[in-house]
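Everything on this sheet refers to the single structure shown next.
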Amino acid sequence: MKTRSQTKKESTMKKILVIGDAGVGKTNLIKKYLGENFERTYKETQKINEYIHNNKVIYDYPGQIKFGDYGSHMFQDVSLCVLMYDTTSRLSYKSIEFWKQKINL
């Protein structure tokens, strides 16, 4: 069970959502921010992963539709949304519109 101070601390944390197509580098960007090494192997993100660092909660959103739609409740209280695409993939760039609609920008 969470204490009152833990709940208050979590509510004051900035929430960052990183979204985009599969394979654009969302997880590696987050890991680099956290000081971890770049991974050359591709591992698909199958669920929303949550990372906590320096009073921030960073959500790594899966880029493959087959892993489900987590709904708009996921985007509430988000301080920052990072939309990512692969500069070598025209398709991932075109998908930015899909992701923008998903978060209602």
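Residue numbers run from 1 in the order of the sequence given.
The hydrophobic cluster containing I19 does not contain I16, counting ILVMFWY residues as joined when their side-chain heavy atoms lie under 4.5 angstrom apart, directly or transitively. One hydrophobic cluster holds both L17 and I52 under the rule that ILVMFWY side chains link at heavy-atom gaps under 4.5 Å. M84 and Y33 fall within the same hydrophobic cluster, where Ile, Leu, Val, Met, Phe, Trp and Tyr residues are linked whenever their side-chain heavy atoms come under 4.5 Å apart, directly or through other members. Using a 4.5 Å cut-off between side-chain heavy atoms of Ile, Leu, Val, Met, Phe, Trp and Tyr, with links allowed through other members, V57 and I48 fall into the same hydrophobic cluster. Under the 4.5 Å side-chain contact rule for hydrophobic residues, M13 and L80 do not share a cluster.
Heavy atoms only, all atoms of each residue included: K15 and D77 are closest at CD-O, 3.5 Å.
For S95, the side chain to side chain donor-acceptor pair (under 3.5 Å) criterion is met by D21, not counting sequence neighbours. Remark: S79 pairs with K14 by the side-chain contact (heavy atoms from CB on, under 4.5 Å) rule, at least two apart or across chains. Taking T87 as the reference, nothing meets the side chain to side chain donor-acceptor pair (under 3.5 Å) condition, with sequence neighbours excluded. Taking N28 as the reference, nothing meets the side chain to side chain donor-acceptor pair (under 3.5 Å) condition, with sequence neighbours excluded. For Y93, the side-chain contact (heavy atoms from CB on, under 4.5 Å) test picks out Y85, with sequence neighbours left out.
Put simply, the side chain of S92 gets close to the backbone of S89: a donor and an acceptor are under 3.5 Å apart.
Two residues are said to be in side-chain contact when any heavy atoms from C-beta on lie closer than 4.5 Å; N49 and T27 fail this criterion.
Between I58 atom CD1 and I30 atom CD1 the span is 6.0 Å, to the nearest 0.5 Å. The line from OH of Y61 to CH2 of W99 is 6.0 Å long, rounded to the nearest 0.5 Å.
Within the structure, the salt bridge (charged side-chain N to carboxylate O under 4.0 Å, His left out) test picks out the following pairs touching residues 27-37 (sequence neighbours left out): K31-E39.
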